[in-house]
Amino acid sequence: MSKLSLFPLTTKANDAGHLVIGGCDSIELAAEFGTPLYIFDELSLRHKCAEFRDEFSRCYTDTKVVYACKAFISRTLATIFKEEGLGLDVVSAGEMSIAQSAHFPLDKVYFHGNNKSAEELQLALKWHIGRIVVDNFHELRMLDEIAKKQGAKPDILLRLSPGVDPHTHKYIATGVTDSKFGFFLSGAAEAVAQAMSSPNLNLVGLHFHIGSLIFEVEPYLQAIEIVLNFANDMKSRYRLEPRELNIGGGFAIQYTQDRPVSPVSVYAQAIATKVVSNCQKLGLALPGLVVEPGRAIIGQAGVALYEVGAIKDIPGIRRYVSVDGGMGDNIRPALYGAKYEAVVANKMRETEAREVTIAGKFCESGDILIKDITLPSVSAGDIIALPTCGAYCLPMASNYNASFKPAVVLVKEGKARLIRRRENLADLTSCDLV
Ligand code: LLP
């Protein structure tokens with residue numbers, strides 16, 4: 001496969017050898033909006049929303065697709081997800097407020113988190129957030145009291161930690177037993193008992209999220225088996241008949257040429273078959289199915305552009321090509337050893353000639369975006385484009401070294417719309433009291 005297929009669907013190279021995304025020349029975008037610049041292709045984003053919606057509902061009619069905002073959200077994006085009919089998974093008052101200010105239907109919002117504050121829960125009830133995914137006993141008690149006080153009876157799910165290894169980086173494996181998230185299975189029956197006996201809570205189902213960047217289908221199937229067995233046990237003990245089974249997100253995307261992924265249809269087919277067959281075996285009514293993809297919806301739609309500055313040659317050892325961003329806008333390589341591909345966006349017609357290492361500009365030796373990649377000959381002023389930067393780059397960005405968080409543009413049919421301006425000095429000092 002070619003590197004171009006990692007980019008958004010609308011990507012091509014024009015006659016000038018420039019990378020073109022959504023009908024916009026990336027070199028012109030870099031000149032107009034500056035670098036680092038994050039470009040999102042609207043068509044690719046909508047296409048992925050539709051793919052998840054269609055593939056899952058084809059295999060399992062009662063499926064809801066809920067986009068995990070933590071991968072990246074803004075008010076413009078929330079509007080697109082609203083138009084596409086998705087729900088939103090939020091994990092903070094901040095994400096909830098973005099949804100609210102974009103007039104997103106809040107009954108389609110799922111509120112997650114392992115340490116929600118009383119203020120956040122109060123806000124969630126005030127705004128009639130669709131589901132609160134209760135993570136632990138502390139939250140269960142707190143929510144019970146707040147609901148009673150506010151005269152509300154929220155629909156809740158209980159998050160379980162099914163003890164399944166999703167074979168991903170340990171920082172993003174969440175469904176294992178030794179995890180801060182969710183009720184571990186042997187303690188979860190007590191949570192069901194408490195929720196079922198509360199007049200202030202409406203327990204509608206169960207949730208698990210086993211981790212992120214999961215390339216295999218099997219861990220999902222194992223978790224479904226475990227959680228449905230648990231549901232069956234809860235049915236006989238407490239007459240819980242879950243109306244909803246939320247299996248979280250985690251679906252992998254292809255970041256590099258050597259690590260392909262299965263299409264959404266493969267996950268959908270296997271997951272739907274497993275839910276149906278196990279429910280039939282256990283005599284459980286088929287629950288509504290909820291999936292919460294983040295990365296798989298937005299990852300491929302996003303491209304990061306950087307300008308090349310200093311180049312350092314250490315003969316026989318390495319050629320460092322430094323760019324004007326790095327771990328400030330994309331911490332994933334430094335944090336998880338994440339791998340990316342890159343192209344020289346103004347030299348798309350030149351042949352790849354030489355191995356280089358793309359370094360960021362932050363004051364850390366570990367600020368390397370890509371170690372050892374073969375590119376056309378690179379010089380200062382060239383524009384480097386990294387595909388698959390749509391998820392977990394911008395929301396994890398920092399102001400390290402007092403840097404500015406990048407601008408974001410949304411491209412479609414040759415038009416570019418600035419949906420987040422670059423930060424400036426005034427932003428950096430706005431919270432600073434002298
Ligand atoms: N649902 C829940 C409850 C989650 O905690 C997450 C992600 C998702 C859904 C969406 O997962 P996705 O489909 O995007 O894999 N910063 C890391 C990823 C952390 C994921 C946290 N939870 C990274 O850059 O790889």
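No hydrogens, no waters, no symmetry mates; every other heavy atom, side chains included, goes into these values. Bear in mind that the values here come from a model prediction, so they are computed numbers and not experimental data. Ligands are counted one by one from 1 in listed order, and the atoms in each one are counted from 1 as well.
The part of His209 lying near ligand 1 is the side chain, judged by heavy-atom distances below 4.0 Å. Of the heavy atoms in Met396, only side-chain atoms (C-beta onward) come closer than 4.0 Å to ligand 1. Under 4.0 Å from ligand 1, not a single heavy atom of Phe181 appears.
Judged by the 6.0 Å distance and 45° axis criteria, Lys116 is positioned over the aromatic ring of Phe111. Taking the ring axis of Phe215 as reference, the NZ or CZ atom of Arg259 stays within 45° of it and closer than 6.0 Å to the ring centre.
Within a 6.0 Å sphere centred on OH of Tyr238, other residues, nucleotides and ligands contribute more than 12 heavy atoms.
For ligand 1 and Arg159, the ligand atoms under 4.0 Å from any heavy atom of the residue are 3 (C). Within ligand 1, the atoms closer than 4.0 Å to a non-hydrogen atom of Glu292 are 1 (N), 2 (C), 3 (C), 8 (C), 9 (C), 10 (C), 13 (O), numbered from 1 in the order shown. Set against the non-hydrogen atoms of Ala68, the atoms of ligand 1 under 4.0 Å away are 8 (C), 9 (C), 10 (C). In the vicinity of Asp89, heavy-atom distances shorter than 4.0 Å reach the ligand 1 atoms 1 (N), 2 (C), 9 (C). Each of the atoms 13 (O) of ligand 1 lies under 4.0 Å from some heavy atom of Pro293.
Taking only nitrogen or oxygen atoms, main chain and side chain alike, Gly294 reaches within less than 3.5 Å of ligand 1.
The closest protein non-hydrogen atom to atom 4 (C) of ligand 1 is Lys70 NZ, 3.0 Å. Ranking protein heavy atoms by distance to atom 15 (O) of ligand 1, first place goes to Ser212 OG, 2.3 Å. Protein heavy atom closest to atom 17 (C) of ligand 1, with residue, atom name and distance, is Tyr336 OH, 3.0 Å. Here the protein heavy atom with the shortest distance to atom 12 (P) of ligand 1 is Gly250 N, 3.4 Å. Nearest protein heavy-atom neighbour of atom 20 (C) of ligand 1: Tyr392 OH, 3.5 Å. For atom 19 (C) of ligand 1, the closest non-hydrogen atom of the protein is Ile172 CG2, 3.7 Å. With respect to atom 25 (O) of ligand 1, the closest heavy atom belonging to the protein is Arg295 NH2, 2.8 Å. Among all non-hydrogen protein atoms, the one lying nearest atom 24 (O) of ligand 1 is Arg332 NE, 2.6 Å.
In this pair, Tyr220 and Tyr267 present their aromatic rings perpendicular. The plane angle is above 60°, beyond the 30 to 60° band.
Two rings, from Phe72 and Phe40, have their centers less than 6.0 Å apart.
With hydrogens and angles left out, the side-chain atoms of Asn202 and Asp155 include a donor and acceptor closer than 3.5 Å. Using modelled atom types and a 3.5 Å distance limit, the side chains of Asn399 and Glu423 yield a donor-acceptor pair. In this structure, a donor-acceptor pair under 3.5 Å is absent between the side chains of Glu84 and Tyr67. Using modelled atom types, one finds no donor on one side chain facing an acceptor on the other under 3.5 Å when comparing Arg420 with Ser74. Under the 3.5 Å distance criterion, with hydrogens and angles disregarded, a donor-acceptor pair is assigned to the side chains of Thr256 and Asp258.
His112 has its side chain within reach of Glu292: a pair of non-hydrogen atoms, C-beta onward, lies under 4.5 Å apart.
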